[in-house]
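Read through the structure below, which is laid out as structure tokens, and then see the notes.
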Amino acid sequence: MYRRHKPSATEKRNFAAHGVGLSLPQNDTRSFYSLSQLVLSAGHLRQPPVLRHSKITYFEVEILDAQSKKQICIVDKVPPSSTLLDVKHKFHKTCPQWYPSRVGLQLERNGPYLKDSVSIQSLAVSSIITLYFTDLGQQVSWTTVFLTEYTGPLLIYLLFYIRLASIYNEQESTKNFRHPVVHLACFCHCIHYIRNLLETLFVHKFSGGHTPLKNMIKGCAFYWGFTSWIAYYINHPRYTPPTYGNRQVMFAALAFLICEAGNHFINVALAHQNHSGNKSYFPSPTYNPFTWLFALVSCPNYTYEIGSWISFTVMTQTLPVGVFAFLMVIQMSLWAQKKHKMYLKKYNTYTYRKAAMIPFIL
Amino acid sequence: MSRVFLTWAVTHSVKEVQSEDSVLLFVVAWTVTEIIRYSFYTFNLLNHLPYLIKWARYTLFIVLYPMGVLGELLTIYAALPFVRQSGLYSISLPNKYNFSFDYYTFLILVMISYIPLFPQLYFHMLHQRRKVLSHTEEHKKSE
């Protein structure tokens with residue numbers, strides 16, 4: 001197409017020149033006639049957008065609504081080196097209500113959502129790219145989610161611990177002697193959530209960024225609901241201490257502390273790996289004995305977490321805590337399986353012997 | 001789900017409730033609905049669905065569904081004093097596993113849960129009705 005145009009352009013000019021050069025009054029109309037004939041036969045006079053004389057070829061991104069297929073807007077002048085995130089920012093400027101983390105863009109109507117880091121160059125089939133837009137809903141950052149999810153249980157448990165008159169019968173509360181387990185349980189519970197809060201603030205580095213608000217509400221409802229349920233029974237005036245007495249409590253408390261420490265060190269190790277930017281190898285066991293689980297299991301932080309909750313159950317011997325621990329086991333095993341699959345795909349030299357969460361099983 | 005609960009956990013467990021009128025109410029509502037619904041499925045599988053069955057399925061619920069819900073609620077309400085008296089399915093503190101469950105409160109919560117759930121389901125069915133019956137009319141007109 002390019003070649004066809006050039007001669008026609010020069011031809012046109014030559015013809016025009018010749019036409020003018022020949023003889024003036026009569027040949028004006030004739031030259032005009034021949035010029036118009038040439039114009040009509042030449043086809044598109046305007047060059048296609050890709051073929052600009054400047055060296056950078058810009059792309060145009062057309063954004064359609066995924067359900068109605070109507071065009072929302074066109075983002076033009078997108079340089080080829082930009083990523084999808086830049087497109088989302090430009091889209092945000094034209095339509096201010098869709099901020100970038102809320103925008104979900106797909107290549108086809110039922111396809112997967114494209115990641116922000118995808119470059120425009122890799123998507124482009126022609127100079128105009130069509131993307132389908134879905135509103136992902138109100139987004140909230142992961143830090144906010146975790147902070148609310150962990151502050152809630154901390155405060156709720158303490159409310160129950162101080163034995164508010166509206167929850168427990170006041171007469172019974174003042175009368176009954178509180179077994180030391182109850183104090184120990186409160187202490188352990190608070191340590192767990194304070195550790196989680198501090199890690200969220202100072203240790204964790206979140207790669208995802210945002211999540212829909214619905215997820216936060218669901219998570220908060222789960223944690224807060226269960227904490228109130230377990231706190232009610234542990235701090236109840238009619239609480240029955242564990243059957244095997246102090247020995248059971250001691251062992252369970254020790255196990256709990258070990259698991260908490262382990263969880264902390266694993267999180268620190270994972271965060272350091274993220275921090276140093278070198279994600280090409282999987283964290284390996286170091287001199288720290290708590291990290292030795294890395295040799296057996298790919299997500300030892302989940303292993304330690306369920307260890308904490310199981311020891312808390314044994315320590316307080318309370319069925320609701322057992323139910324909570326059971327649900328956490330299920331949830332964490334699902335997360336661990338997902339992460340395990342991701343690691344298997346990512347790290348080529350990964351040993352297949354490793355389990356996802358519980359050594360040798362699962 | 002609510003049917004299983006009402007049959008086993010309420011009507012079967014609390015024998016005194018079985019002679020109530022509300023039981024008759026929900027049993028009639030359920031049986032009529034089910035007869036129509038299963039004949040709808042059968043005819044669908046035979047690809048020979050009479051319009052009457054389809055109409056009946058998507059219209060009669062307007063009366064039968066509230067009737068069934070009323071019967072269910074009245075039955076649970078009638079069962080409450082007997083549950084309170086006998087302490088059915090309830091565990092109280094103190095016990096070895098530090099757990100308690102009060103069936104009486106649970107039944108009251110079930111009754112309260114009908115309030116948000118019933119309108120949702122009812123409007124969903126009305127919406128389905130509009131979709132299905134208007135679709136058939138268009139189909140008929142085009143034929």
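Convention: sequence-line order gives letters A, B, ...; per-chain numbering from 1. Everything quoted here is computed from the prediction, not taken from an experiment.
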Name the residue from Thr318(A), Ile230(A), Leu319(A) that meets the side chain to side chain contact (heavy atoms under 4.5 Å, CB included) definition with Asn98(B). Thr318(A)

Within a radius of less than 6.0 Å around [atom1] of [X], do more than 12 heavy atoms belonging to other residues, nucleotides or ligands occur?
X: Phe187(A); atom1: CZ; result: no
X: Tyr77(B); atom1: OH; result: no
X: Phe118(B); atom1: CZ; result: yes
X: Tyr244(A); atom1: OH; result: no
X: Tyr89(B); atom1: OH; result: yes

Quick one: does Thr240(A)'s side chain have a donor or acceptor within less than 3.5 Å of a partner on Pro94(B)'s backbone? no

For Tyr97(B) versus Pro320(A), what's the shortest heavy-atom pair and its separation? O-CD, 4.4 Å

Minimum-distance pair of heavy atoms, taken over all atoms of Gln317(A) and Lys96(B): NE2-O, 3.3 Å

Return the orientation label for the Phe99(B) and Tyr233(A) ring planes: parallel under 30°, perpendicular over 60°, tilted otherwise. tilted

So, taking the atom named OG in Ser100(B) and the one named NE2 in His236(A), what distance separates them when rounded to the nearest 0.5 Å? 7.0 Å

